[in-house]
Amino acid sequence: AQKITQTQPGMFVQEKEAVTLDCTYDTSDQSYGLFWYKQPSSGEMIFLIYQGSYDEQNATEGRYSLNFQKARKSANLVISASQLGDSAMYFCAMRGNFGNEKLTFGTGTRLTIIP
Amino acid sequence: DTEVTQTPKHLVMGMTNKKSLKCEQHMGHRAMYWYKQKAKKPPELMFVYSYEKLSINESVPSRFSPECPNSSLLNLHLHALQPEDSALYLCASSQVNRGNGYTFGSGTRLTVV
């Protein structure tokens with residue numbers, strides 16, 4: 001079984017500052033994948049970034065980077081130079097071994113960017 | 001085409017109605033998913049289809065009936081729903097055994113009255 005924990009229900013950040021959203025996970029699978037999704041109030045789930053368990057480098061996608069610490073089982077999302085459009089719900093999610101296609105989500109963090 | 005298209009975007013139905021939600025993708029993905037999301041909660045997996053066969057049913061009540069008629073289409077048939085079934089229903093797709101990309105649709109907001 002997989003478990004994702006997001007301990008920050010809500011965060012307020014000043015525009016242009018960097019923000020870190022926390023995510024820890026638990027799994028017995030040797031191979032797994034970690035994802036971050038953004039969900040605006042419109043409801044769509046927007047893929048941000050992916051980290052495979054065997055990837056040695058931390059994933060980066062534009063202003064998004066994933067701080068992957070495998071021994072600590074953490075996969076924090078870092079957003080640099082936050083923008084007003086970053087205000088949304090952010091979900092950390094996990095996939096187990098290949099063959100297990102289930103994606104399990106954390107409870108989410110509501111991020112609000114203050115002008 | 002890198003999209004998952006869900007129709008309708010909004011649906012209001014009575015408890016005695018029968019309706020269907022539709023999901024379509026043309027990315028060649030052979031795994032498709034239905035998730036249910038209540039307000040202020042994370043998405044919860046309902047069903048997984050892999051190569052058009054049902055591979056996971058997360059103990060979903062029989063008033064929800066999934067169907068995968070071909071590799072591009074996924075339906076969710078609804079019958080005799082309850083008001084507590086009101087939620088955002090999200091469809092997603094991915095490649096099988098290469099799980100680094102799950103693409104979600106925009107969802108159907110369902111209200112049961």
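Reminder, nothing fancy here: chain letters follow the sequence lines and each chain counts from 1.
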Stepwise side chain to side chain contact (heavy atoms under 4.5 Å, CB included) test for A:Tyr37 and B:Phe104: CA-CA 10 Å; A:Tyr37 284 88; B:Phe104 281 81; 3.7 Å; yes

Would you indicate whether [X], at its atom [atom1], is surrounded by more than 12 heavy atoms from other residues, nucleotides or ligands within a distance under 6.0 Å?
X       : atom1 : value
A:Lys70 : NZ    : yes
A:Lys73 : NZ    : yes
B:Lys38 : NZ    : yes

Could you tell me whether the side chain of [Y] reaches within less than 4.5 Å of the side chain of [X], counting heavy atoms only?
X        : Y        : answer
B:Leu45  : A:Phe105 : no
A:Met45  : B:Tyr102 : no
A:Thr104 : B:Glu44  : no
A:Met89  : B:Lys40  : no

Atom of B:Pro42, atom of A:Thr107 and distance for their closest heavy-atom approach: CG-CA, 4.1 Å

Where on A:Ser41 is there a heavy atom nearer than 4.5 Å to chain B: the side chain, the backbone, both, or neither? backbone

Tell me, for A:Tyr32 versus chain B, whether the close heavy atoms (under 4.5 Å) come from the side chain, the backbone, both or neither. neither

Give, for atom OG of A:Ser42 and atom CZ of B:Arg109, the distance between the pair rounded to the nearest 0.5 Å. 7.5 Å

Report the C-alpha separation of B:Gln37 and A:Gln39 in whole Å, then their side-chain angles, then the decisive distance to 0.1 Å, and conclude whether the side chain to side chain contact (heavy atoms under 4.5 Å, CB included) test is met. CA-CA 12 Å; B:Gln37 187 179 22; A:Gln39 188 176 41; 2.7 Å; yes

